[in-house]
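Comments concern the structure below.
Atoms within a ligand are numbered from 1 in the order they appear, just like the ligands themselves.
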Amino acid sequence: MDKIKKYTVGKPFPTNAVVGKISECTSLPSYINISGENRVLSYEMGKLDKVYGLGEAVRGINKRGWIYESYCSDDPMHTETKRSLYGAHPFIIIDGETLFGLFVDYPDKVTFDIGYSDIDMLTVTVKTADYDLYIIEGDTPLEIVASFRRLIGKSYITPYWAFGFQQSRWSYYTSKDVQSIIDGYRSSDMPIDAVYLDIDYMDSFKDFTVSEERFPDFEEFVRSAKSQHIHLVPIIDAGVKAEDGYTVYTEGRDNGYFCKDKDGNDFYAAVWPGKVCFPDFLNTEAAHWFGMKYKILTDMGIDGFWNDMNEPAIFYSEKQLDKAIDKIAGYKGKNIGIYDYFGLKDTVLGLSNSAEDYGAMYHNADGEIVCHDKVHNLYGFNMTKSASEAFKEIAPDKNILLFSRASYIGMHRYSGIWTGDNQSWWSHIKLNLQMLPSLNMCGFMYTGADLSGFGDNSTEELSLRWLALGIFNPLMRNHSALGTKDQEYFRYKNKDIFRNLLRLRYALIPYLYSEYRKAIENDDMMFKPLAFVYRDDKTAQFVEDQLILGDSIMIAPVYEPNAPGRYVYLPENMLMVRFKSDTEYDCESMTKGHHFIEIPVTDVVIFIRDGQALPIVKAAMHTDDIDLSTMTFITNNNGGEYELVTEEETKTVKYDRTGDICS
Ligand code: GLC
């Protein structure tokens with residue numbers, strides 16, 4: 001860790017982002033200026049300097065030209081004007097004449113003004129000057145990423161089946177609805193491994209309950225789904241419904257496990273079930289208590305969960321609602337002009353996730369009373385950590401799928417993340433692509449966006465194009481919001497194209513899983529910007545819509561409507577592979593440079609790097625049936641070796657020039 005320098009300012013709250021100890025330095029590198037109130041640093045960027053990182057954030061791979069906040073935010077409108085999304089990932093790399101990484105370990109808001117207020121200046125500020133600053137030097141961005149990842153520890157490893165395709169929607173109300181989804185895929189010969197249970201499986205949105213009316217004999221239902229090779233994955237929300245007689249609430253209340261208000265009474269707010277309390281995940285005993293509740297569902301055969309609303313999302317608190325209602329009542333009978341009208345609107349919109357509420361909520365961090373707004377970014381992290389740690393007690397021999405919406409650096413050791421409530425917008429296909437490397441930089445390897453988009457209505461073309469990228473997302477899940485148009489793939493007219501793409505995913509799973517595991521093992525990125533790989537290629541430095549995936553391939557998906565294809569930049573000679581399905585494909589050698597590639601919606605085009613090969617297997621209907629003995633290679637070399645990682649072992653597979661396995 002010699003290339004990492006740590007500076008402690010003030011009295012930082014321990015975040016648990018970093019593993020291991022690293023000693024403090026006193027003198028800062030000369031290029032960093034920390035003068036100014038709450039300023040972590042200001043740095044004059046060179047004209048062509050690039051800034052990478054920030055994990056889950058809007059805009060491009062190069063983050064320059066905007067202002068971002070590392071602050072877990074429940075906001076479903078991921079427009080380019082937003083400053084923060086659900087995850088808080090305050091790590092960046094500045095790539096210019098001087099190359100260095102910067103991690104501001106601080107659990108409250110960190111602001112990264114990257115050429116927004118002043119086109120040349122990078123300025124990083126915090127709310128209060130209590131943080132650990134890590135400066136990471138290295139010869140390349142990948143070297144800096146590797147050092148940073150060693151600093152924050154190894155990423156979570158998901159079960160193999162979680163690389164299968166997964167279908168979700170908010171509004172599968174009954175077990176019959178869920179079964180009809182399974183049947184829809186199975187009867188269409190479309191591979192699938194999991195179906196999700198959103199809040200409607202619960203009894204009145206109460207965590208760890210199952211509606212007996214809508215999901216009768218749940219245990220049997222889970223068993224029957226398993227017999228069809230389907231895992232059911234229920235959602236768990238952060239807020240616990242405040243209802244007498246509901247034991248999760250009464251136990252939490254009676255043991256003092258919930259967050260408090262300033263007077264030490266339970267802090268109440270409202271989310272899906274109405275009035276809720278928030279478990280105090282910064283308290284070891286409370287976190288352990290909540291974590292062990294997952295056993296209620298694992299005992300029924302459940303082996304995967306998604307943790308949601310854990311920024312935590314607050315619709316309103318009683319106090320703020322009362323204030324708002326009084327204010328609104330004051331408008332009654334008035335001739336409301338523009339400013340009053342804006343005031344009225346803001347009063348209602350401002351009720352959710354308000355700074356006032358976060359400032360009125362307190363944790364008992366094992367004896368230290370701390371206001372939530374000082375440690376906001378640690379809530380979802382610790383909710384998810386509590387589940388992950390409980391799984392070790394509940395099912396020590398089992399690998400349970402877990403991913404979360406809110407996150408902070410360090411949570412990657414316990415789970416994956418999905419990127420929250422995106423929309424069925426073309427721009428969000430590109431955003432999905434651009435987030436993958438930034439998330440990998442921060443250790444989040446098992447990740448993906450809601451395919452076809454969560455909010456708004458998808459179309460067949462958008463779903464197809466998104467799926468052509470989705471087959472490369474480690475977490476490959478189609479999910480949509482209540483009230484939107486159905487978007488399960490078997491419902492579309494051109495079922496055969498969707499089937500081909502889904503089958504292609506399954507043919508690629510051994511490669512995707514191997515590259516995922518190797519990236520974790522080597523503190524590497526599974527998805528790399530071209531700029532990280534082809535350091536001397538000036539054009540590659542600014543390519544924003546293509547990625548190197550693992551060691552062997554480059555992907556360049558289409559993300560625009562009505563496009564016959566797209567321009568692709570090849571940073572080296574590559575073998576273009578045009579897949580029509582898992583078994584039907586043709587190859588063409590391509591030279592370094594710019595090419596217009598025709599890509600109809602029926603095709604998935606990938607590029608095999610010079611000297612590399614891509615293993616593929618015969619597609620299966622679910623991951624249990626993937627047969628590695630059917631493996632062949634599409635080669636852009638004269639034969640060689642591939643390190644194949646499965647859940648059980650790592651082995652070297654030798655193949656010849658034609659792609660046949662020779663030992
Ligand atoms: C949140 C989640 C979304 C889920 C919905 C209902 O918006 O991000 O995925 O479907 O809540 O639970």
Below 3.5 Å only, please: the N or O atoms of ligand 1 paired with protein N or O atoms, distance on each line.
unit_1   : atom_1 : unit_2 : atom_2 : d
ligand 1 : 7 (O)  : Asp421 : OD2    : 2.6
ligand 1 : 8 (O)  : Arg405 : NH1    : 2.9
ligand 1 : 8 (O)  : Asp421 : OD1    : 2.5
ligand 1 : 8 (O)  : Asp421 : OD2    : 3.3
ligand 1 : 9 (O)  : His479 : NE2    : 2.9
ligand 1 : 10 (O) : Asp198 : OD2    : 2.5
ligand 1 : 10 (O) : His479 : NE2    : 2.9
ligand 1 : 11 (O) : Asp308 : OD2    : 3.1
ligand 1 : 12 (O) : Asp198 : OD1    : 2.5

Quiz item: cation-pi between Lys206 and Tyr246, 6.0 Å / 45°:
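That pair qualifies as a cation-pi contact.
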What residues form a side-chain hydrogen bond (donor to acceptor under 3.5 Å, both in side chains) with Gln179, not counting sequence neighbours?
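Only Asp183, Gln228 meet the side-chain hydrogen bond (donor to acceptor under 3.5 Å, both in side chains) criterion with Gln179.
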Test: Arg169 and Asp486 ion pair at under 4.0 Å:
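So Arg169 pairs with Asp486 through a salt bridge.
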Can you spot which of Leu451, Ile497, Ile192 makes a side-chain contact (heavy atoms from CB on, under 4.5 Å) with Tyr489?
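Among Leu451, Ile497, Ile192, the one that satisfies the side-chain contact (heavy atoms from CB on, under 4.5 Å) with Tyr489 is Leu451.
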Just to verify, what does Tyr492 make a ring pair (Phe, Tyr, Trp, His ring centres under 6.0 Å) with, not counting sequence neighbours?
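Applying ring pair (Phe, Tyr, Trp, His ring centres under 6.0 Å) to Tyr492 gives Phe498.
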Strictly by ring pair (Phe, Tyr, Trp, His ring centres under 6.0 Å), give each pair with a member in residues 220-240 just once, sequence neighbours left out.
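Output for this query lists Trp161-His231, His229-His622.
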